[in-house]
S.K.: 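Sharing a structure, written as structure tokens. Questions coming.
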Amino acid sequence: MESSEPLPGLFSAPQPETGRRETRRTVRCALCGRPLTGADSRRTGLGPACDAKLHPAGPDIRTRRHEVDQDTLPGT
């Protein structure tokens with residue numbers, strides 16, 4: 001009944017497992033709950049679609065140009 005070691009396996013060094021891939025912890029979007037895969041999305045906690053809903057892009061001033069009716073300048 002007695003073994004040569006007092007508690008076998010307790011003090012042994014961990015053996016590296018070959019062929020096993022480390023799995024990342026699943027991070028889900030804080031808004032919709034979908035799993036996040038991109039590094040930036042995982043860092044912020046929001047998917048790209050939900051991030052766009054919360055932080056919409058500013059208006060592009062180049063698209064706001066329009067023609068304005070003006071009076072003719074005197075002397076022209």
Side-chain angles (χ1 to χ4, degrees):
M1 274 283 232
E2 291 186 30
S3 65
S4 61
E5 295 181 32
L7 296 172
L10 184 63
F11 298 106
S12 63
Q15 301 296 323
E17 296 182 26
T18 57
R20 184 174 175 189
R21 185 176 163 202
E22 290 186 27
T23 58
R24 294 189 304 184
R25 183 177 61 93
T26 302
V27 178
R28 298 199 171 269
C29 178
L31 204 59
C32 68
R34 292 181 180 164
L36 300 176
T37 56
D40 290 336
S41 296
R42 291 172 61 87
R43 190 176 311 114
T44 60
L46 291 172
C50 294
D51 189 40
K53 290 177 188 175
L54 291 178
H55 306 104
D60 188 9
I61 61 170
R62 293 175 287 172
T63 60
R64 293 187 354 202
R65 292 183 180 165
H66 57 278
E67 296 294 323
V68 178
D69 293 329
Q70 294 183 340
D71 295 332
T72 57
L73 295 173
T76 55

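Computed from a prediction, not measured in an experiment: that's the story for all the values here.
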S.K.: Minimum heavy-atom separation for Leu36 and Gly45, please, with both atom names.
M.R.: CD1-C, 3.7 Å
S.K.: Do Asp51 and Thr44 come close enough that some side-chain heavy atom pair is under 4.5 Å?
M.R.: no
S.K.: Of the non-hydrogen atoms in Arg42 and Arg25, which two are nearest, and what is the gap between them?
M.R.: NH2-O, 3.1 Å
S.K.: Just how far is it from atom OG1 of Thr26 to atom CZ of Arg34, taken to the nearest 0.5 Å?
M.R.: 16.0 Å
S.K.: Search all heavy atoms of Gly47 against all heavy atoms of Cys29 and return the closest pair with its distance.
M.R.: N-SG, 3.5 Å
S.K.: Mind listing the closest non-hydrogen atom pair of Gly33 and Arg28 along with its distance?
M.R.: O-NH1, 3.0 Å
